[in-house]
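A, B, ... follow the sequence lines: proteins, then strands. Residue 1 opens every chain.
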Amino acid sequence: MRKNEITGFERTKFLAKFIFVLVFVYVCLFELILPVNKILPKPSLLLESFIPLIKDYNLLTELALTFSIVFAGMLTGYFLIYLSKNLICKIYYNYPSVTAALGMFKYIPVILSAVFFELWFAGTFWAELLFSVLAVYSLLFHAFISEIANVHESYILFAKSLGMPDKKIYSQVIWHHVHPRIWESIQNINCRIWLYILVFELIAAVGGIGKLLGQIIAYKDLAALLAVSIIISVIIYVTNHIIKYFSGRFIRWNSK
Amino acid sequence: MEIINIIKKYYGNLGSCQNVINEISFKIDENSVNTILAPSDSGKTTLLKIIAGLESIDGGEIKLEPFKKIVYIPTQPSFLHWFSVKENFSLINENQDLQKEIIMLLGLDGYEKHYLNEKSIGFQFLVSFGMALLSGSDLVLVDEPFTGASKLIKERICKAVRETVKKRKISILIATSNLSDAFLFSDSIFLMKGTPLDIVEKTGFSLKGERRYELLNSKEAGSFQKRAEDFFKNNKTGGLISF
């Protein structure tokens, strides 16, 4: 281990200390010094806001809906990338201009896509699910394409020279190179997809945490907003660690 | 196999044209280890890729007979490091008996379940070589595979390679810029001057016994070194790794 390298335990220890300091400052500042302000609610109010969040805002149902949409989207998106891996490789190697053209889609702001979906499908559950799947697929597709470029030519030349058919080269050589990067991307996507779905739900107002956020904005309920933010952050943090754990269990190699 | 007057040109984006290979002709015999000795970046890799059918030519002819299957092993590791030795082999040919035979021949027995990432350059080369043999290759093209390997490793590889050539009746064509590698491994050496790859002078020698680094102190090695150095000096070519 290098001198400046920190272990996972040290990182967790530092994070725990950081959160403790943050909470301490928050409690001191907003409970004792500035109990009435327009920046953050005082801690006691924050604690009290969890009960109305569950009872009045129907937090658990809305959270379950958003959670299902996010993770159904991620699972389906991953599964679709796995199924279309040979096609993506074929397009990349045989029709590079198509790949470049598809790359243009990443410049379309997500909020516009969400508005389009709302107008096309009038905010149904299935529209939200489709939006989630397409968003995840598109993010994974861009990760896939950018990683294919890093596959060293020698692997492909050797495989071709051995007489491997293209299909086998795509599935056994390219896919295995790209796979660790796909798992790394899933961790980033986990953060981004929450944002996308919240934006979609806020616009479409079909249900979920996005709709709940809309209500919070309408009531100007700062305590509920902070409570929801904390809950979502914790969910993203925990699920990211679960993804990381699975990635470590099933991806034992590195493409670099 | 015969290479007759082959020409390869590379065209730049602005219409520039560079000759990489300039009317080269030479023959490769069956059951032999041959080496192309030329400086770095002189077009050796391009030549090997052309012979393997991975690149086109701009002129000349290649007669592949009697070889039926040609495999090119690149300089960079090209096996699949997420698979074990056995899994890499199974990807090419599932015939267990043949796999076992090649594992024994290359001295890889006991390492079947090992992954290759942490292994030496020599071990990684032997696995790539084993994959080439499993694919039924009768001419293996090897592109500077021993760069960075120790003398001991090179001697072991040399032993395995030469035994394989003898037992499986295959031929090998190595491309290197290292004089001692060329001398240690080969039955015949083609001296070529670089960029563009040009002029072929063949030199051959029959050394008895096992190929070891002590042979570099022999008379044959001395005369080979002098001949090679004279060739490259006369052709104003540098960039070779001497004994």
Taking atom [atom1] of [X] as the centre, report whether more than 12 heavy atoms of other residues, nucleotides or ligands fall under 6.0 Å from it.
{"X": "A/F116", "atom1": "CZ", "value": "no"}
{"X": "B/K202", "atom1": "NZ", "value": "yes"}
{"X": "A/K168", "atom1": "NZ", "value": "yes"}
{"X": "A/L15", "atom1": "CG", "value": "yes"}

message: The criterion is ring pair (Phe, Tyr, Trp, His ring centres under 6.0 Å); which residues satisfy it with A/H241, sequence neighbours excluded?
response: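 A/H241: ring pair (Phe, Tyr, Trp, His ring centres under 6.0 Å) contacts with A/Y237.
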field: Leading residue by heavy atom contact count with chain B [cutoff under 4.5 Å; candidates A/E153, A/K160, A/Q172]
entry: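 Of the candidates given, the most pairs with chain B belong to A/Q172.
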- prompt: Do the two ring centres, one from B/F83 and one from A/H176, sit under 6.0 Å apart?
  reply: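 That pair passes the under 6.0 Å test.
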query: Do A/W175 and A/Y82 have their ring centres less than 6.0 Å from each other?
result: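 Yes, close enough.
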Proximal to chain A - members of [range], heavy-atom separation under 4.5 Å:
{"range": "residues 49-73 of chain B", "answer": "B/K49, B/L54, B/K69, B/I70, B/V71, B/Y72, B/I73"}
{"range": "residues 14-35 of chain B", "answer": "none"}
{"range": "residues 88-101 of chain B", "answer": "B/L91, B/I92"}

Give a yes or no on whether a salt bridge exists between [X] and [Y], defined as a side-chain N under 4.0 angstrom from a carboxylate O.
{"X": "B/E87", "Y": "B/K113", "result": "no"}
{"X": "A/K13", "Y": "A/E10", "result": "no"}
{"X": "B/K154", "Y": "B/D181", "result": "yes"}
{"X": "B/D187", "Y": "B/R162", "result": "yes"}

message: What part of B/S128 gets within 4.5 angstrom of chain A, counting heavy atoms only: side chain, backbone, both, or neither?
response: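 The answer is both parts of B/S128.
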Ring pair (Phe, Tyr, Trp, His ring centres under 6.0 Å), paired with B/F123, selected from B/Y115, B/F129, B/Y111: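 Single ring pair (Phe, Tyr, Trp, His ring centres under 6.0 Å) partner of B/F123 among B/Y115, B/F129, B/Y111: B/Y111.
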- prompt: Can you name the one residue among A/V178, A/L80, A/I189 that meets side-chain contact (heavy atoms from CB on, under 4.5 Å) with A/L140?
  reply: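 Per the side-chain contact (heavy atoms from CB on, under 4.5 Å) rule, the option paired with A/L140 is A/I189, out of A/V178, A/L80, A/I189.
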- request: Could you check if a side-chain atom of A/Y78 sits within less than 4.5 angstrom of a side-chain atom of A/Y137, using non-hydrogen atoms only?
  value: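 Heavy-atom side-chain distance check fails, nothing below 4.5 Å.
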